[in-house]
Visitor: 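One structure, pasted below without further comment.
Note that the numbering runs from 1 along the sequence shown for the chain.
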Amino acid sequence: MKPQYLVLAIAFVAPASAGAEEQRAPVSQCQAIAQNTPKATFASFSGAAALTPAVSEGEDVKLTFLGHSTFEIETPGGIIIATDYNGWYRPATMPDVVTMNKAHTTHFTLTPDPGIKHVLHGWSDVPGEKADIDLVVGDAYIRNVPTDIRFSYGLGGSQENGNSIFIFEIAGLCIGHLGHLHYELTDAHYIEIGRLDVVMVPVDGGLTMGADSMSRVIKRLRSSLILPMHRRGPPVEAFISMFGKDFDIANAIDDSITVSMRTLPKKPLIYVMKGVQ
């Protein structure tokens, strides 16, 4: 099944010599122009081949809710990714990649298992800079879109670009994790994010944003599959109440879902994992 909002990739790659080929950033297949200019597209002006993830061995991506804001993402090629990794909620298999954010200590650890090959911070430790992630691991391309935070209980106070929305491009799917999002997104953010077929969204109703603000972000993103996280019970219900007949709601009987481009819901679906109910 084709995604509802498939847009040509954005690619501006400077010409590079053969020796510099490995230094080129990957090209996103998910980035898109903001929806208020839906007919506009970007084109590539470089003849150089883009760095792309390995071809997936299949089309199914498995997402498992482990707890709080941590999901395990398993690619068709067997790459294991853990989001907002804090060391408490761990995949059964050592992850190849972990992402972190720093608003709370429940979203990061400074002592990850040394066996984890790629530890991606959603913030920069250099004052005035922001995290800039463009990484290919197996059949996954991982990038980030920085956003500001109001506070950090773990590593200092408010910070510009202190949070990252992590985006995982796998088997044609555009999968986003909003992290500890504190502010509604700007048009510039939406352009940088592009298309998200699947989005993991915090629904605590206060520590990140209220249900009304967070629902506006989700409605603008127009993802096919919406996975609440970060709180259970009444806050989840308050978030769901913000959506009308244009969205379907389903309560899962477990904490995993397998999805592909072919099986994406035709109508946006808010899918509440068992551990979030």
Side-chain angles (χ1 to χ4, degrees), residues 26 29-30 51-102 104-123 131 133-144 154 164-180 196-202 225-230 232 252-264 271-277:
Q29 302 301 308
C30 300
L51 180 62
T52 58
V55 176
S56 293
E57 298 176 6
E59 61 176 8
D60 291 336
V61 178
K62 184 177 181 181
L63 298 102
T64 301
F65 178 70
L66 300 180
H68 203 55
S69 291
T70 303
F71 281 81
E72 175 185 348
I73 304 172
E74 182 178 356
T75 77
I79 298 298
I80 303 295
I81 303 165
T83 65
D84 272 18
Y85 182 80
N86 57 27
W88 305 341
Y89 304 111
R90 304 183 182 192
T93 302
M94 177 75 69
D96 301 284
V97 182
V98 298
T99 66
M100 301 182 189
N101 276 300
K102 73 169 193 173
H104 290 165
T105 54
T106 51
H107 296 256
F108 73 92
T109 176
L110 297 181
T111 57
D113 190 303
I116 300 171
K117 295 179 182 178
H118 303 279
V119 177
L120 308 181
H121 288 176
W123 69 93
I133 295 165
D134 284 282
L135 177 68
V136 172
V137 181
D139 57 345
Y141 168 38
I142 305 166
R143 60 187 177 90
N144 74 309
S164 277
I165 296 170
F166 281 95
I167 300 164
F168 312 92
E169 304 192 14
I170 305 165
L173 288 168
C174 307
I175 302 170
H177 186 287
L178 298 186
H180 212 274
L196 287 186
D197 304 306
V198 181
V199 62
M200 292 158 271
V201 53
L225 181 63
I226 300 113
L227 303 175
M229 62 179 185
H230 199 240
R232 59 191 299 173
I253 60 173
D254 56 24
D255 286 318
S256 292
I257 186 170
T258 299
V259 65
S260 68
M261 291 286 287
R262 180 177 52 83
T263 61
L264 280 173
Y271 192 75
V272 186
M273 299 283 195
K274 184 177 180 180
V276 187
Q277 295 171 18

Visitor: If you measure from CE on Met200 to CG on Leu227, what distance do you get to the nearest 0.5 Å?
Guide: 6.5 Å

Visitor: Is it true that a side-chain atom of Ser69 and a backbone atom of Thr83 form a donor plus acceptor pair closer than 3.5 Å?
Guide: no

Visitor: Quick check: closest heavy atoms across Val137 and Ile79, and the distance to 0.1 Å?
Guide: O-CG1, 3.8 Å

Visitor: Just verifying a value: how many Å separate Leu173 CG and Ile167 CD1, rounded to the nearest 0.5 Å?
Guide: 13.5 Å

Visitor: Do the ring planes of Phe71 and His177 sit parallel (below 30°), tilted (30 to 60°) or perpendicular (above 60°)?
Guide: perpendicular

Visitor: Would you find a donor on one side and an acceptor on the other, under 3.5 Å apart, between the side chain of Asp139 and the backbone of Gly77?
Guide: yes

Visitor: Compare all side-chain heavy atoms of Tyr85 with those of Val119 and state whether any distance is below 4.5 angstrom.
Guide: no

Visitor: Between Thr64 and Ser256, what is the shortest heavy-atom contact and its length?
Guide: OG1-OG, 2.8 Å

Visitor: Mind checking whether Ile170 and Pro76 have side chains closer than 4.5 Å, heavy atoms only?
Guide: yes

Visitor: Within a strict 4.5 Å, meaning less than it, do heavy atoms of the Val97 and Phe168 side chains meet?
Guide: no

Visitor: Identify the heavy atoms of Pro228 and Tyr271 that sit nearest to each other, and give their distance.
Guide: CD-O, 3.2 Å

Visitor: Please say which of Ile81, Ile175, Thr258 ends up in a side chain to side chain contact (heavy atoms under 4.5 Å, CB included) with Leu63.
Guide: Ile175

Visitor: Is a donor on one side and an acceptor on the other found under 3.5 Å between the side chain of Gln29 and the backbone of Gly172?
Guide: no

Visitor: Please evaluate residues His230 and His68 with respect to the criterion side-chain contact (heavy atoms from CB on, under 4.5 Å), reporting the C-alpha separation (whole Å), side-chain torsions for both, the decisive distance (0.1 Å), and the verdict.
Guide: CA-CA 5 Å; His230 199 240; His68 203 55; 3.3 Å; yes

Visitor: Could you go through the side-chain contact (heavy atoms from CB on, under 4.5 Å) check for Phe166 and Ile133 one step at a time?
Guide: CA-CA 9 Å; Phe166 281 95; Ile133 295 165; 3.4 Å; yes

Visitor: What's the separation between atom CG in Leu120 and atom CG in Asn101, rounded to the nearest 0.5 Å?
Guide: 11.0 Å

Visitor: Nearest 0.5 Å please: distance from the CD1 atom of Ile142 over to the CG atom of Asp96.
Guide: 9.0 Å

Visitor: Please lay out, stage by stage, how Met273 and Ile257 fare under the test side-chain contact (heavy atoms from CB on, under 4.5 Å).
Guide: CA-CA 9 Å; Met273 299 283 195; Ile257 186 170; 3.7 Å; yes

Visitor: What is the minimum heavy-atom distance between Asn86 and Thr109, and which atoms define it?
Guide: O-CB, 3.5 Å

Visitor: I would like to know whether Thr70 and Val98 meet side-chain contact (heavy atoms from CB on, under 4.5 Å); could you show each step before the answer?
Guide: CA-CA 10 Å; Thr70 303; Val98 298; over 6 Å; no

Visitor: Do any N or O atoms from the side chain of Asp255 and from the backbone of Lys274 form a donor-acceptor pair under 3.5 angstrom?
Guide: yes

Visitor: Which atom names give the shortest non-hydrogen contact between Met94 and Ile116, and what distance separates them?
Guide: SD-CG1, 3.6 Å

Visitor: At their closest point, which heavy atom of Ser164 faces which heavy atom of Ala131, and how far apart are they?
Guide: OG-CB, 4.2 Å

Visitor: I want to check something: taking the side chain as every heavy atom from C-beta on, are Pro91 and Glu74 in contact at a cut-off of under 4.5 Å?
Guide: no

Visitor: Between Asp197 and Cys174 (side chain of the first, backbone of the second, donor and acceptor by atom type, cut-off under 3.5 Å), is there such a pair?
Guide: yes

Visitor: Does any N or O in the side chain of Glu72 come within less than 3.5 Å of the main-chain N or O of Leu66, such that one atom is a donor and the other an acceptor?
Guide: no

Visitor: Within this structure, what is the NZ-CD1 distance for the pair Lys62 and Ile80, rounded to the nearest 0.5 Å?
Guide: 9.0 Å

